[in-house]
Structure formats: structure tokens, C-alpha cells
2 protein chains.
Amino acid sequence: MTEPAKPGAAAPTAPLKKYARQGKSNATIYDIARAAGVNPSTVSRALSKPGRVSAKTQKLIEDAAAELNYHVNPFARALPTGRTSTLGLIVADITNPTFFDIIRGAETTATAGDYTLMLAESAESAATELTAARRMLATVDGLILASPRMSDDEIRDLARDKPVAVINREVRGVRCVVPDVNKGIGEAVRSLAANGHHKVVYIAGPLPSWMSARRWDGVRSACEWSHLDAVRIESSKPTVEGGREAAREVLASGATAVLSYNDLLAIGLMQELQAAGIEVPDQISIVGFDDIFGADFTTPPLTTVRSPLGECGSRAAAMLLDTLHGSAPEVAETLRVETELVVRGSSGRLINGT
Amino acid sequence: MTEPAKPGAAAPTAPLKKYARQGKSNATIYDIARAAGVNPSTVSRALSKPGRVSAKTQKLIEDAAAELNYHVNPFARALPTGRTSTLGLIVADITNPTFFDIIRGAETTATAGDYTLMLAESAESAATELTAARRMLATVDGLILASPRMSDDEIRDLARDKPVAVINREVRGVRCVVPDVNKGIGEAVRSLAANGHHKVVYIAGPLPSWMSARRWDGVRSACEWSHLDAVRIESSKPTVEGGREAAREVLASGATAVLSYNDLLAIGLMQELQAAGIEVPDQISIVGFDDIFGADFTTPPLTTVRSPLGECGSRAAAMLLDTLHGSAPEVAETLRVETELVVRGSSGRLINGT
DNA sequence: CTCTCCTTGGCAACCGGTTGACAAAATGTT
DNA sequence: AACATTTTGTCAACCGGTTGCCAAGGAGAG
């Protein structure tokens with residue numbers, strides 16, 4: 001129909017003839033209106049505003065719609081209303097299994113609420129993240145930021161345009177879902193103290209990571225409480241590789257127990273220590289964070305402070321849905337979810353006690 | 001502006017006032033046209049049809065656009081053209097790490113091509129999958145199906161409406177990206193034969209899985225070639241749990257080497273066997289498929305036939321992009337990517353030789 | 001200095017729904 | 001039976017771009 005017809009069309013703009021406007025399934029409300037003998041706007045109301053149309057007409061229209069195999073055109077709807085029935089999710093790194101569960105949780109509740117999830121990655125860069133966020137913001141009804149790297153102000157700025165939910169970080173004025181690390185860390189540190197450890201080292205994550213800072217805070221204060229020494233070292237990157245690289249410094253620190261920013265670091269560290277002939281947990285105890293997929297594949301399986309990441313994703317999506325449905329509290333409150341220690345084999349009693 | 005104003009608005013339809021049509025950033029081509037003193041259609045052309053407008057006017061318009069911080073409204077564009085700059089990806093199970101590389105690969109090339117990726121999950125159900133696919137088809141320019149569970153005909157049906165690319169399955173008439181298992185399997189079986197094994201058991205995946213069938217074919221013929229016995233057993237589900245459950249049957253089979261449909265099964269099996277005091281690989285060699293994240297976390301690390309899943313995702317996205325740009329071959333050809341054996345610790349010489 | 005031909009810009013219709021304003025019909029009131 | 005009120009449906013404008021068609025303007029040719 002809308003075909004160029006002219007064969008002289010240029011190359012760069014060419015394509016798609018094969019798929020252009022297939023006959024089927026593109027019935028419009030006008031077709032329905034004609035079939036049902038009513039006005040298009042009546043069709044529109046019947047299909048989206050329950051109760052605005054008499055039961056009889058309603059039925060007539062619904063039947064016609066079913067007959068014609070009608071589906072709304074999302075763009076036509078989005079244009080005047082701005083509603084898209086789509087939620088966006090931006091994660092720092094799709095490779096990082098920490099986000100697996102978040103994605104899954106968000107996708108599940110989005111779908112359950114008849115929304116679709118759009119996914120983008122920021123490659124751990126604040127600039128890329130902001131670009132992706134801005135781009136998405138145009139096409140989604142709400143945006144979830146998982147462990148965002150951009151500044152608080154930038155986040156608040158985004159939140160001024162569309163509902164935004166943040167995971168793994170607390171930003172004033174924006175709805176957040178944050179695992180409350182204290183319980184889990186408390187359990188971990190008490191367990192280490194009970195097993196004869198006196199000095200704990202924390203392997204930090206990326207500097208801009210809000211969560212890494214919270215975890216270090218938590219470790220420090222829990223250690224103080226339990227009369228343990230706590231020192232902190234930095235990592236180059238929050239990956240298995242980064243964990244390997246941290247091994248030397250860990251040994252140099254003289255600590256007998258390690259808490260690391262995440263499980264990936266913990267796993268890398270454990271691999272490297274074991275390769276160097278060090279027994280885990282007999283000589284060094286290792287505790288990770290998050291309980292990611294695969295944390296129990298290691299030998300010994302990794303002890304870790306579990307964050308309910310799937311729940312975080314799901315809650316964040318639910319927050320957006322609530323906001324979009326108008327049933328959300330006025331003030332942006334932070335939702336805290338519990339963390340807990342999952343004791344596996346990588347932590348335990350110190351054998352070669354100091 | 002478009003505010004209801006009437007406070008009597010009903011509850012269920014209420015929301016969003018806070019975010020309605022923020023003043024900023026919604027400059028339109030009309031605003032630009034006014035600012036540049038030209039017609040809106042000229043602006044449209046300047047912004048999308050290179051060369052259709054004189055350099056001078058072009059510059060004028062671009063400056064005005066930059067000035068006003070203009071961004072096209074994707075919906076307004078999608079409405080008349082049908083183009084959305086969006087690609088859809090449907091995976092069977094977001095939890096399954098097999099798909100993470102695929103997602104990542106697809107997301108990366110989609111983004112590189114200025115497309116956005118939409119993600120949906122089918123929960124391993126053909127019906128859900130079809131629903132999700134249909135839903136997506138309305139809003140994307142192309143669709144990637146990863147390990148689809150629906151029928152060939154259903155897939156071809158979808159492909160009639162919009163470009164479709166399939167990963168991990170071959171469907172006649174549809175563009176596919178399929179790891180060619182033979183090389184990897186050949187290497188694996190030869191390696192097992194060389195290490196003194198005589199009987200191999202294959203743990204199958206879900207019955208509807210095309211790939212599981214291919215792998216079994218490959219195992220059988222490679223074993224024939226190397227004069228090994230090959231038997232097949234079924235699994236309840238393609239997960240770690242499923243692998244555990246398969247352990248009994250594996251032992252009962254009398255085989256000394258296992259190839260399992262995927263790494264998850266292999267890992268579960270290994271855990272269960274080790275728990276029963278069986279040495280891997282001394283008593284039983286285990287080989288998985290895919291080389292998923294975490295496959296090297298185990299002790300011993302898992303030997304596996306690696307499929308370049310990231311590449312599959314990336315290639316599938318590229319196929320769609322090509323098709324959309326009109327630079328794709330007429331006939332739908334299947335792209336085969338190589339697999340290779342990654343030898344780690346879970347396979348090796350049989351010690352208690354038969 | 002005309003007369004083509006080509007480039008460039010403008011007009012207006014269109015994509016497919018949504019929605020405020022209003023009129024017609026149905027219902028209830030006195 | 002006449003009037004007030006509510007329900008139901010229609011009209012028409014609008015969302016923000018895209019694009020076929022046409023005309024004005026400029027360049028080049030004769």
C-alpha cells in the first residue's frame with residue numbers, strides 16, 4: 001500500500017518490502033466500528049474504559065473485535081497518552097550474575113502486570129548509563145536502575161520525568177529497594193569471631209558503588225562490636241579476575257578471614273589461594289555477598305551473605321506498577337529487604353590459630 | 001495542560017499527574033521548524049533523510065534541534081512507518097545461565113546498531129512462548145527466539161510477519177544460528193576413548209529441545225566412529241537438580257563417561273556422585289555442554305563442549321539488522337558456529353579400568 | 001536571454017488510537 | 001405529562017512524525 005512503487009528508490013533506505021503491512025491482524029478500531037455499526041470512539045471506550053459503554057454495545061464490539069482478531073496498536077495508543085506498558089531496566093553488567101536474579105524478578109512481575117521489560121546495560125560506566133537511561137526514558141513508563149553508577153542528582157533528574165526505582169542504592173527522594181546488610185553481616189562476623197578469628201579483611205568493590213561502601217560500614221561496625229580488627233583493601237574490578245588479583249594483598253594483610261564485596265571476588269580469591277596451597281577454610285575463611293548462581297559450585301561451597309536479589313527486582317517493578325496505577329505513597333520511601341548469612345564450607349574454625 | 005482538572009475523576013484510572021507531560025525535552029519538529037523558519041516536513045527530512053535537504057538548511061535545523069534539545073518521539077515515528085528500532089528476544093528461562101551470554105551478545109550488537117532490546121521469558125512453555133512472541137511482534141522490528149519450544153510451523157508463522165532469527169534450532173525457511181555440535185562432540189568422544197573409556201551415557205534434555213536431539217545424534221555417531229557404546233537416559237529437567245536426580249540411573253548404566261545435555265545437569269550429577277564417594281574423573285568422567293558461567297567453579301572444574309553462545313546472540317541480532325537494512329540474502333540460510341571441547345578436570349583417564 | 005531540468009521546500013493527508021464537549025436517549029421525579 | 005437527571009454515543013481535535021505530490025527557485029544549456 002504505502003509502497004514506494006518507484007524502483008528508483010535509493011539503496012540505504014531500501015528494505016522491508018517483504019514484511020510491509022501484512023494483511024492480517026492489523027484491524028483497526030475503525031474496522032470494528034464499521035462491523036459493529038458504532039462510532040470508532042465508542043469502540044475505543046468499550047475497549048479501554050470499562051463501564052463507559054452499555055453492556056449490549058460492549059458485547060457487540062467485543063465480538064467484532066474477536067472476529068477481526070483485533071489487537072491495539074501500541075504506538076497509536078502511546079502517542080496521545082504517553083503510556084507504553086513497558087518498564088525499563090538498566091544493569092551495570094549483564095555478565096555479572098548478581099543481576100540475573102534481579103532481571104528475572106523484574107521481568108516476572110512486569111509480565112504479571114501486563115508490562116513488558118526492556119533491558120539495557122551500562123557497561124559499568126556512568127556516562128553510558130545515563131545515555132541508556134535517557135534513551136529508555138522516552139519509551140518506557142517507568143525505569144529500574146540496578147546498582148546505578150551515576151550521581152544522585154542525575155538519578156533524581158530522571159525521576160522527575162518518569163517513575164524511577166533504584167535497587168542496591170539509596171537516593172533521597174527516589175523510591176529504592178535496598179538489602180539491609182546489617183543482619184547478614186552481623187551473623188557473618190559473629191560466626192567468624194566464634195570460630196577463633198581476630199582479624200577480618202574486607203575486599204571493596206568499585207569506588208562509586210554505594211553498596212560497597214555500606215558493606216564496609218557494616219563490616220567495620222560489626223567487627224567493632226565483636227572486638228575484631230577490620231581492614232579494607234581495594235579491588236581492581238568486581239569479578240573473579242579481580243578476586244584473584246586481590247589474593248596477594250589479602251595474605252599480606254595478615255587477616256584470617258575475608259569478607260568480599262561480592263561472590264565473584266570471593267570465588268576468584270579462593271581459587272587463587274587454593275592454587276597457592278592455602279587451605280580454605282582451615283587457614284583462611286572466605287565469605288562473599290549476594291549468593292549468586294554458582295556460589296555453591298565451588299569446593300568448598302561459598303559461605304555468603306545472601307541478598308534476595310530476585311525479590312529486589314520484583315519489588316522495584318512492583319513499586320513502579322503501583323506508582324503507575326496511582327496507588328503509591330506520596331513520599332518516596334526506601335524498602336529494605338533482609339539479608340542473611342548462608343553458611344557453607346568456605347568459612348569455619350581457624351586451624352592454624354594465630 | 002491535558003490535565004483532567006475535574007477532581008471527580010475515578011479511582012481506577014487516576015494516576016500519573018506528577019509525571020504528565022513534563023515541560024522539558026519534548027520539543028517537536030514543529031518547534032524546530034518555527035525556530036529555523038522552515039516547514040515541519042523539511043525538518044523531518046533533514047533529520048531522517050540525509051541529502052534530501054540543502055546543507056545550509058540542514059545546519060540551520062540541526063542547530064535549532066540541538067538548541068531545543070530535541071529527541072524524536074519514537075511512537076510518533078513508529079505510527080506511520082511501523083519501524084520501532086527495537087529487537088525482541090525470547091528465552092526459555094531467564095534463570096538458566098545458558099541464556100545469559102545470548103542475551104548479552106544480542107544486547108550488545110543491538111545497542112551497537114542503535115536498536116534496543118526487549119526481553120521476555122517463556123518459562124519453558126510453548127504456549128507462553130507463543131503468547132509472548134505475538135505480543136512482542138507488535139512492537140519490535142525483529143524477533144530472536146532462543147531455543148524455542150513452539151512448533152516449526154508456529155515459528156514460520158511469526159516469521160511471515162516480521163524478521164525472525166532462531167538460535168539453537170534449525171527451522172526450514174527461517175534464519176537460524178546453530179552451534180555445530182559435531183566438532184566439539186567428536187573431540188570429546190575421541191578424548192574419552194583415548195582415556196580408556198568404553199561406554200558413554202548421554203543425559204538428555206527436555207524432549208521438545210531440538211538441540212538435545214542433535215547432541216544425542218552427535219554423541220551416538222561419534223561413539224560409533226570411535227567404537228564406544230552409547231546409551232541415553234532422560235532427565236526430569238535441565239537443571240542442577242535434574243542432574244542430581246539422574247545420578248542413580250547413570251550408575252546403573254554401567255558407563256564410565258557421561259555427556260550431559262548441558263552444564264547444569266553435569267554439575268548436579270557431579271555433586272551427587274561426589275557426595276556418594278565416587279571420584280571424578282578417576283571413576284567417572286563428566287562432560288557438559290555450553291561452558292556456562294560457573295562451569296569452572298567446580299572441583300574438579302567441568303570439562304565441557306563450548307558453544308559460543310554470546311556469538312550466537314550477537315549473530316542473530318546482526319541477521320535481523322541486516323534484514324532490516326535490506327542487506328540480507330534472499331533465502332534464509334542457517335549460520336553454523338563452531339563448538340570446541342574445553343578440557344578441564346572433570347574428564348580424564350579411567351583409573352579403575354574395566 | 002530564454003528554456004529545460006533538477007534541487008529544495010511546502011502543503012496536506014495519514015498512521016490509529018484517545019478524550020473533552022456536547023447531543024440524544026433513557027431513566028427518574030413530581 | 002412535563003421536567004430534571006443520568007447514561008450512552010458522536011463529533012472532532014489532537015498526539016508527533018512521515019511522505020507523495022506539487023510548485024517555486026536556481027543552475028546549466030542552448
Side-chain angles (χ1 to χ4, degrees), chain A residues 1-6 8-10 13 16 20-22 25-34 36-61 65 68 70-85 138-139, chain B residues 1-6 8-10 13 16 20-22 25-34 36-61 65 68 70-85 138-139:
Chain A
M1 278 169 197
T2 348
E3 216 72 317
K6 273 275 191 57
T13 347
L16 255 196
R21 309 224 163 275
Q22 281 292 324
S25 108
N26 43 8
T28 72
I29 55 169
Y30 297 91
D31 300 330
I32 298 179
R34 203 175 323 119
V38 298
N39 190 282
S41 55
T42 304
V43 176
S44 173
R45 292 207 171 86
L47 264 24
S48 47
K49 297 258 165 53
R52 182 64 224 284
V53 146
S54 75
K56 213 178 56 190
T57 322
Q58 180 83 28
K59 173 111 175 45
L60 211 59
I61 290 173
L68 295 169
Y70 170 82
H71 295 290
V72 286
N73 179 324
F75 307 112
R77 172 172 289 173
L79 189 46
T81 62
R83 273 181 264 123
T84 66
S85 295
T139 55
Chain B
M1 279 169 195
T2 348
E3 216 71 316
K6 272 276 191 54
T13 345
L16 257 198
R21 308 224 164 277
Q22 282 290 325
S25 109
N26 44 9
T28 72
I29 55 169
Y30 296 92
D31 299 329
I32 298 179
R34 206 176 318 119
V38 298
N39 190 282
S41 58
T42 305
V43 176
S44 173
R45 291 202 175 91
L47 265 25
S48 45
K49 296 258 165 56
R52 181 62 223 281
V53 148
S54 74
K56 213 178 57 193
T57 322
Q58 180 82 29
K59 172 111 177 48
L60 210 60
I61 290 173
L68 294 169
Y70 169 82
H71 295 290
V72 287
N73 179 324
F75 308 112
R77 171 171 289 174
L79 190 46
T81 63
R83 272 180 265 125
T84 66
S85 294
T139 55

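In what follows, every heavy atom counts, from backbone to side chain, and hydrogens, waters and symmetry copies are set aside. Convention: sequence-line order gives letters A, B, ...; per-chain numbering from 1. Given the structure is predicted, the values throughout are model-derived calculations rather than measurements.
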Peer 1: Nearest whole Å is fine: how far is C:dT18 P from A:I32 CD1?
Peer 2: 11 Å

Peer 1: Could you give the CD1-to-P distance, from A:I29 to D:dA12, as a whole number of Å?
Peer 2: 16 Å

Peer 1: Just how far, in rounded Å, is C1' of D:dG17 from CG of B:L47?
Peer 2: 11 Å

Peer 1: Roughly how many Å is it from CG in B:L79 to P in D:dC15, rounded to a whole number?
Peer 2: 14 Å

Peer 1: Taking the side chain as every heavy atom from C-beta outward, state whether A:S85 and A:R77 have any pair of such atoms under 4.5 Å apart.
Peer 2: no

Peer 1: Do the side chains of B:T139 and B:T84 get nearer than 4.5 Å, heavy atoms only?
Peer 2: no

Peer 1: In this structure, how many angstroms lie between the C1' atom of D:dT19 and the CG atom of B:N39, rounded?
Peer 2: 12 Å

Peer 1: Take atom CG of B:N73 and atom C1' of C:dC15, then tell me their distance rounded to the nearest Å.
Peer 2: 13 Å

Peer 1: Which of the following nucleotides, D:dT10, D:dG17, D:dG20, is nearest to the side chain of B:R45?
Peer 2: D:dG20

Peer 1: Counting just side-chain N and O atoms, does B:S54 come under 4.0 Å of either OP1 or OP2 of C:dG9?
Peer 2: yes

Peer 1: Choosing from D:dG17, C:dG9, D:dG9, which nucleotide comes nearest the side chain of B:T28?
Peer 2: D:dG17

Peer 1: Would you indicate which nucleotide in D:dT18, D:dT10, C:dG9 comes nearest to any side-chain atom of B:S48?
Peer 2: D:dT18

Peer 1: Quick check for you: among D:dT19, D:dG9, C:dG9, whose closest atom lies nearest to any side-chain atom of A:T42?
Peer 2: D:dG9

Peer 1: Nearest whole Å is fine: how far is C:dG17 P from A:D31 CG?
Peer 2: 9 Å

Peer 1: Ignoring backbone atoms, establish whether B:S41 has a side-chain N or O less than 4.0 Å from OP1 or OP2 of D:dT19.
Peer 2: no

Peer 1: Rounding to an integer number of Å, can you tell me how far B:H71 NE2 sits from D:dG17 P?
Peer 2: 12 Å

Peer 1: Pick base, sugar-phosphate or nothing for A:V38, based on heavy-atom distances below 4.0 Å to the nucleic acid.
Peer 2: sugar-phosphate

Peer 1: So, is A:Y70 near the phosphate of C:dG17, with a side-chain N or O under 4.0 Å from OP1 or OP2?
Peer 2: yes

Peer 1: Less than 4.0 angstrom between a side-chain N/O of A:K49 and OP1 or OP2 of C:dT19, yes or no?
Peer 2: yes

Peer 1: Could you tell me whether the side chain of A:Y70 reaches within less than 4.5 Å of the side chain of A:I29, counting heavy atoms only?
Peer 2: yes

Peer 1: May I ask you to verify if any side-chain N or O of A:R77 is less than 4.0 angstrom from the OP1 or OP2 atom of C:dT19?
Peer 2: no

Peer 1: So do B:R34 and B:D31 actually touch side chain to side chain, heavy atoms under 4.5 Å?
Peer 2: yes

Peer 1: Quick one: are B:N73 and B:T28 in side-chain contact, heavy atoms under 4.5 Å?
Peer 2: no

Peer 1: Counting only side-chain heavy atoms from C-beta out, which of C:dG17, D:dG17, C:dG9 sits nearest to B:P80?
Peer 2: D:dG17

Peer 1: If you pin B:V53 and A:Y30 to their nearest nucleotides in DNA chain C, which one's is more 5'?
Peer 2: B:V53

